[in-house]
Amino acid sequence: MRYTTLGNSGTVVSTQCLGTMTFGAEADEQTSGQIMDAFAEAGGTFLDTADVYSSGTSEEIIGRWLKAHPTEAGQAVIATKGRFPMGDGPNDLGLSRRHLRRALDDSLRRLGVEHIDLYQMHAWDAVTPLEETLRFLDDAVAAGKIGYYGFSNYLGWQVTKAVHVARAHGWAQPVTLQPQYNLLVRDIEHEVVPACLDAGIGLLPWSPLAGGWLTGKYRRDQQPEGASRLGEDPERGMEAWGPRNEQERTWAVVDAVREVADAVGATPAQVALAWVGAQPAVTSVILGARSVEQLRDNLAAADLDVPKEHLDRLTDVSAPRADDYPYGTAGVAQRERKLTGGR
């Protein structure tokens, strides 16, 4: 395992983070415990969850594991999230001070801790004034309930606005952003990545294997069956089989990942994870696993050094589509200028 700092903070985390959305759903408590055991044995220290994962069960499973493993708990960096509904009332969701106060206290209780290292806003809230959310987070830092805060699924302008509002008021500033990012989903490179680089914010990519598409287990025009996410639910959200299967880019990327994996003696999943981990601003890559075997295969990516020519090939074949303006060649050309002698 390798280590780095958590965004622009001084806290050190493993460059792979254990995502726990499967806990209490696709992985029962015994399996979840075995997954956390294997992660800790590999040197992993960074755990990510959310209050809505299995309606709080994921946090509760982690809390019981932390209590039973005091040595590992002493090194663990715990991240969770709040924002989505945890009840049916009008104030049971959002980023208001009222909802976040209850959400944070409930997460602390379920996790069995007095302090959460990284508290993340799970999505933007267009109803609550940004100043209200940021002031609550600054107060939570001052009270010692959280160490740092970050965002998830924010757009570039939302990240930038939050950073500058916090600076203007002298409040604690965000340290991380958790976006979807993988070889099939790279549109964040247009605006979100530059915004994070500008602010010194670290990226925590979720779905780095594109919901299993980059593991090499799927085949063109053969709808998945059996014990896999798409086998069990072919219409699963953004990962749905039909739309991605129809895109030539999908299979060009998948084929390239398989070929690079063969060339470097690794699995496709390890290569795809290594590519994400090598991208600018990335702090830690979130691994989602529902078995110890899946996790162990993914963990090997932490020490995989893919030669630059192979990384470049993957970058080229997976390049996000963009019109000429503002993200294509014509638009990008307007962002630079020569000191003398031309435009």
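Legend: salt bridge (charged side-chain N to carboxylate O under 4.0 Å, His left out) pairs involving residues 147-165, not counting sequence neighbours: none detected. Screening residues 308-317 for salt bridge (charged side-chain N to carboxylate O under 4.0 Å, His left out), with sequence neighbours left out, gives Glu259-Arg313, Lys308-Asp312. Within the structure, every pair that satisfies the salt bridge (charged side-chain N to carboxylate O under 4.0 Å, His left out) test and touches residues 83-103, not counting sequence neighbours, is listed here: Arg97-Asp139. Within the structure, ring pair (Phe, Tyr, Trp, His ring centres under 6.0 Å) pairs that include any residue of residues 268-303 comprise Tyr181-Trp275 (at least two apart or interchain).
Interatomic distance, Glu131 CD to Asp138 CG, rounded to the nearest 0.5 Å: 13.0 Å. The structure places CG of Leu287 at 11.0 Å from OG1 of Thr22, a figure rounded to the nearest 0.5 Å. With values rounded to the nearest 0.5 angstrom, Ser32 atom OG is found 10.0 Å from Arg64 atom CZ. With rounding to the nearest 0.5 Å, the separation of CE in Met21 from CD in Glu26 is 7.0 Å. Atom CG of Asn182 and atom CG of Leu273 lie 10.0 Å apart (nearest 0.5 Å). Distance OG1/Thr31 to CZ/Arg290: 11.0 Å, rounded to 0.5 Å.
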Could you tabulate the donor-acceptor pairs under 3.5 Å formed by side-chain atoms of residues 163-173, not counting sequence neighbours?
| unit_1 | atom_1 | unit_2 | atom_2 | d |
| --- | --- | --- | --- | --- |
| Arg167 | NE | Gln173 | OE1 | 3.0 |

Donor-acceptor list for residues 195-214 side chains, cut-off 3.5 Å, not counting sequence neighbours:
| unit_1 | atom_1 | unit_2 | atom_2 | d |
| --- | --- | --- | --- | --- |
| Trp206 | NE1 | Asn153 | OD1 | 3.1 |
| Ser207 | OG | Gly211 | N | 3.3 |
| Trp213 | NE1 | Glu239 | O | 2.9 |

Could you pull out every donor-acceptor pair under 3.5 Å between side chains of residues 33-41 and any protein atom, sequence neighbours left out?
| unit_1 | atom_1 | unit_2 | atom_2 | d |
| --- | --- | --- | --- | --- |
| Asp37 | OD1 | Trp65 | NE1 | 2.9 |
| Asp37 | OD1 | His69 | NE2 | 3.3 |

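Using a distance-only test at 3.5 Å, with no hydrogens or angles considered, no donor-acceptor pair links the side chain of Ser55 to the main chain of Val52. In terms of modelled atom types and a separation under 3.5 Å, the side chain of Gln222 and the main chain of Arg219 share no donor-acceptor contact. Ser152 contributes a side-chain N or O that, together with a main-chain N or O of Gln178, makes up a donor-acceptor pair within less than 3.5 Å. Within the 3.5 Å criterion, the main-chain N or O of Gly144 finds a donor-acceptor partner in the side chain of His115. Of the possible polar contacts, one joining the Gln334 side chain to the Ala330 backbone as a donor-acceptor pair under 3.5 Å is found. Remark: the backbone N or O of Gln16 is paired with a side-chain donor or acceptor of Ser14 at under 3.5 angstrom. Within the 3.5 Å criterion, the main-chain N or O of Thr267 finds a donor-acceptor partner in the side chain of Gln270.
Atom CG of Asp323 is surrounded by 12 or fewer heavy atoms from other residues, nucleotides or ligands within 6.0 Å. Under a cut-off of 6.0 angstrom, the local environment of CD in Gln75 is sparse, with at most 12 non-hydrogen atoms contributed by other residues, nucleotides or ligands. For Tyr3, the OH atom is densely surrounded, since the number of other residues' heavy atoms within 6.0 Å is greater than 12.
In this structure, Leu6 and Val12 have side chains that are not in contact, with every pair of non-hydrogen atoms separated by 4.5 Å or more. Counting heavy atoms from C-beta on, the side chains of Leu104 and Ile146 come closer than 4.5 Å. Here the side chains of Tyr53 and Asp48 are in contact, with some heavy-atom distance below 4.5 Å. Tyr149 places none of its side-chain heavy atoms less than 4.5 Å from the side chain of Val175. Arg186 has its side chain out of reach of Gln180: every pair of non-hydrogen atoms, C-beta onward, lies at least 4.5 Å apart. Taking the side chain as every heavy atom from C-beta outward, Lys145 and Ile116 never approach each other to under 4.5 Å. Inter-residue side-chain proximity for Asp51 and Asp106 is flagged as unmet; no heavy-atom pair is nearer than 4.5 Å. Taking 4.5 Å as the limit, every side-chain heavy atom of Val13 sits out of range of all side-chain heavy atoms of Leu118.
When all heavy atoms of Asp187 and Pro320 are compared, the pair lying nearest together is OD1-CB, 3.4 Å. Of all non-hydrogen atoms in Arg249 and Ala319, the two that sit nearest each other are NE-O, 3.5 Å. In terms of heavy atoms, Ala278 sits closest to Leu311 at CB-CD1, 4.2 Å. The heavy-atom pair separating Thr49 from Ser58 by the smallest distance is OG1-OG, 2.9 Å. Between Pro90 and Leu93 the shortest heavy-atom distance is O-CD2, 3.5 Å. Across all their heavy atoms, Ala42 and Leu299 have their closest contact at CB-CD1, 3.7 Å.
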Is there a side chain to side chain donor-acceptor pair (under 3.5 Å) between Glu191 and Tyr327? Walk through the geometry before answering. CA-CA 9 Å; Glu191 294 283 354; Tyr327 301 126; 3.2 Å; yes
Please determine whether side-chain contact (heavy atoms from CB on, under 4.5 Å) holds for the pair Met121 and Leu137, giving the CA-CA distance in whole Å, both sets of side-chain angles, and the decisive distance to 0.1 Å. CA-CA 10 Å; Met121 306 300 94; Leu137 294 168; 3.6 Å; yes
Let me see the working for Val257 and Leu314 under side-chain contact (heavy atoms from CB on, under 4.5 Å), right down to the final yes or no. CA-CA 7 Å; Val257 170; Leu314 295 173; 3.9 Å; yes
Going through the distances and angles, do Ile62 and Leu66 end up as a side-chain contact (heavy atoms from CB on, under 4.5 Å)? CA-CA 6 Å; Ile62 293 170; Leu66 292 171; 3.9 Å; yes
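A salt bridge is absent between Arg296 and Glu293; no separation between the charged side-chain nitrogens and carboxylate oxygens falls under 4.0 Å. A salt bridge does not link Lys81 to Glu59: none of the charged nitrogens lies less than 4.0 Å from a carboxylate oxygen.
Every residue meeting the side-chain contact (heavy atoms from CB on, under 4.5 Å) condition with Thr15, not counting sequence neighbours, appears here in chain and number order: Met1, Arg2, Thr4. Applying the side chain to side chain donor-acceptor pair (under 3.5 Å) test to Asn298 and every residue at least two apart in sequence or in another chain returns nothing. Partners of Thr160 under the side chain to side chain donor-acceptor pair (under 3.5 Å) rule, at least two apart in sequence or in another chain, do not exist in this structure. Arg335 pairs by the side chain to side chain donor-acceptor pair (under 3.5 Å) definition with nothing, not counting sequence neighbours. For Trp124, the side chain to side chain donor-acceptor pair (under 3.5 Å) test picks out no residue, with sequence neighbours left out.
Residues Thr80 and Tyr119 have side chains that never bring a donor and an acceptor to within less than 3.5 angstrom of each other.
With hydrophobic clusters built from ILVMFWY side chains whose heavy atoms lie under 4.5 angstrom apart, Ile286 shares a cluster with Tyr148. By the rule that hydrophobic residues join a cluster once side-chain heavy atoms approach within less than 4.5 Å of another member, Val292 and Leu295 end up as members of one cluster. Using a 4.5 Å cut-off between side-chain heavy atoms of Ile, Leu, Val, Met, Phe, Trp and Tyr, with links allowed through other members, Trp157 and Tyr325 fall into different hydrophobic clusters. By the criterion of side-chain heavy atoms lying less than 4.5 angstrom apart, applied directly or through intervening Ile, Leu, Val, Met, Phe, Trp or Tyr residues, Leu130 is grouped together with Leu95 in one hydrophobic cluster.
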